[in-house]
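This report concerns only the one structure given below.
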2 protein chains.
Amino acid sequence: MGVTERKAREKEELRSLILEAAMRLFAEKGVENVTIRNIADAVEYSIGTIYVYFKDKNAILHALHTKGFAELRSRFLVLMHVNNPMERLKAAGHVYIQFAHENPEMYNLMFSIIAPMDFIETWNNEWNEGQATFSFVRDMVQDCMKIGYFGGHSALPLAYMIWSMVHGMCSLVISRRASITGLENPPAEAYAEFLRILDKL
Amino acid sequence: MGVTERKAREKEELRSLILEAAMRLFAEKGVENVTIRNIADAVEYSIGTIYVYFKDKNAILHALHTKGFAELRSRFLVLMHVNNPMERLKAAGHVYIQFAHENPEMYNLMFSIIAPMDFIETWNNEWNEGQATFSFVRDMVQDCMKIGYFGGHSALPLAYMIWSMVHGMCSLVISRRASITGLENPPAEAYAEFLRILDKL
DNA sequence: AAATTAAATGAACATTGTTCAGTATTCCAA
DNA sequence: TTGGAATACTGAACAATGTTCATTTAATTT
């Protein structure tokens, strides 16, 4: 009779509402500075209701982290239209840095904050989001190797090196450690150096 | 009459005692999971006494972060005996990665956690610790350029690129993001790739 | 020995995540 | 239509946190 379905839909809607409010608050005030009460206020429900829809704060953080990866993935998918793997790899770095620049708090949640990892561990799950993202980078590196780049290198460590580099560039800015360099835009300028290096490999 | 001096010395001693206890607790339980009460218990003084010696928790975190940089600096100073700048740069990377591996919580405090930066901002100070460390890397890069390496590159962005890379390698491990790579020892294996790249520049 | 200064205390407060017994609402069968 | 059952929602209450500050204790000077 469709009632069960409608209820399920309504539950899903409030769940989404909570997540959207949480995401907005996180972007505004920073992940650390948002309380369950803030979120409850924003969606105009009680504290207890939040706990009906999410087991605890970690569950909210994990769900949000997953939303972040969906967005990053959709940006990466666009790159599939770049046929040359080296050009694709170069562009992927730009996309990654741009994403971190536009969504610093979300980036933090995805790649630095421990909470989502705790959630995954608690429920004996795998970090599929990270797995997929890393595979994307690794595959690009392997495709580059197939057409002659990166001779004498191994794909896996090299992929981790490249990921680490762009992650480091972004996370040092987000953790407010990059300003002492005196660079105008550290990730952009440093990534430009990396592109120059790539041409020699 | 020396009483003032003795008192100043005693104050300094208790301050050190608090910091040492805090450092031990941080290494044991992780920075996030140590409370002022834990520290007070460890040194067998009351909560209030901690606040006599440190304005707030950020002040403790900042003082500890500074101790971490002193240790890292002393490890870097040993490298001054390596005359070839490129060999020095390569060795510095190893030292950096080793330090992060041995002191993950301290590393987090030095390069990821916001508290020490908040403390610095509150008192209108500069991040001298980071400044000095980055200068060390930049100088090594410049020395390499003087003897013909890194042609066509600029020292500052390149130094930030290298710092970002090793920082990324370490911080992804510490934030538990690196296990999905399947690598045994991600920083070590990825840094080995970087060394191979350096030889081509 | 008294007075003054310095050091140490811990009860108390506001804020946090979290729980859960209770209330309100919705649903469906009689 | 209505009663009872299932579902959804509530917010008071709890423990733990960082922090403050009036009070007590100790040390020093007069």
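Convention: sequence-line order gives letters A, B, ...; per-chain numbering from 1. Keep in mind the model is a prediction, meaning the values are calculated, not measured.
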Please tabulate, for side-chain N and O atoms in residues 129-138 of chain B, each donor-acceptor pair with protein atoms closer than 3.5 Å (sequence neighbours left out).
unit_1	atom_1	unit_2	atom_2	d
B:Glu129	OE2	B:Thr66	OG1	3.1
B:Thr133	OG1	B:Glu129	O	2.8
B:Ser135	OG	B:Gln131	O	2.9

Sugar-phosphate, base or nothing in reach of B:Tyr53, heavy atoms under 4.0 Å: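 Sugar-phosphate: the residue B:Tyr53, judged by heavy atoms under 4.0 Å, touches backbone atoms but no base.
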
Contact state string [nucleotides 11-25 of chain C, B base, S sugar-phosphate only, - no protein heavy atom under 4.0 Å]: -B---BBBB------

Expected output: side-chain B:Glu105 to main-chain B:Ala27 donor-acceptor under 3.5 Å: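 Answer holds: no.
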
Quick one: [X] [atom1] to [N] [atom2], roughly how many Å, whole number?
X	N	atom1	atom2	result
A:Ile50	D:dG11	CD1	P	13 Å
B:Glu10	D:dT28	CD	C1'	12 Å
B:Glu44	C:dA8	CD	P	14 Å
A:Phe54	D:dC9	CZ	P	13 Å
A:Tyr45	D:dG11	OH	P	13 Å
B:Lys11	D:dA27	NZ	P	15 Å

Enumerate, atom names and distances included, each donor-acceptor pair closer than 3.5 Å involving a side-chain atom of residues 178-190 of chain B, sequence neighbours excluded.
unit_1	atom_1	unit_2	atom_2	d
B:Thr181	OG1	B:Ala178	O	2.7
B:Thr181	OG1	B:Leu183	N	3.2
B:Asn185	OD1	B:Ala188	N	3.4
B:Glu189	OE2	B:Glu184	N	3.1
B:Glu189	OE2	B:Asn185	N	2.9

Salt bridge (Lys or Arg N to Asp or Glu O under 4.0 Å) partners of residues 160-182 of chain A, not counting sequence neighbours, each pair once: A:Arg176-B:Asp118, A:Arg176-B:Glu121

Non-neighbouring partners of A:His101 that pass ring-ring contact (aromatic ring centres under 6.0 Å, His included), sequence neighbours left out: none

Partner residues of B:Phe99 under the ring-ring contact (aromatic ring centres under 6.0 Å, His included) criterion, sequence neighbours left out: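 B:Phe99 satisfies ring-ring contact (aromatic ring centres under 6.0 Å, His included) with no residue once adjacent residues are dropped.
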
side-chain N/O A:Thr49 vs D:dT10 OP1/OP2, d < 4.0 Å: yes

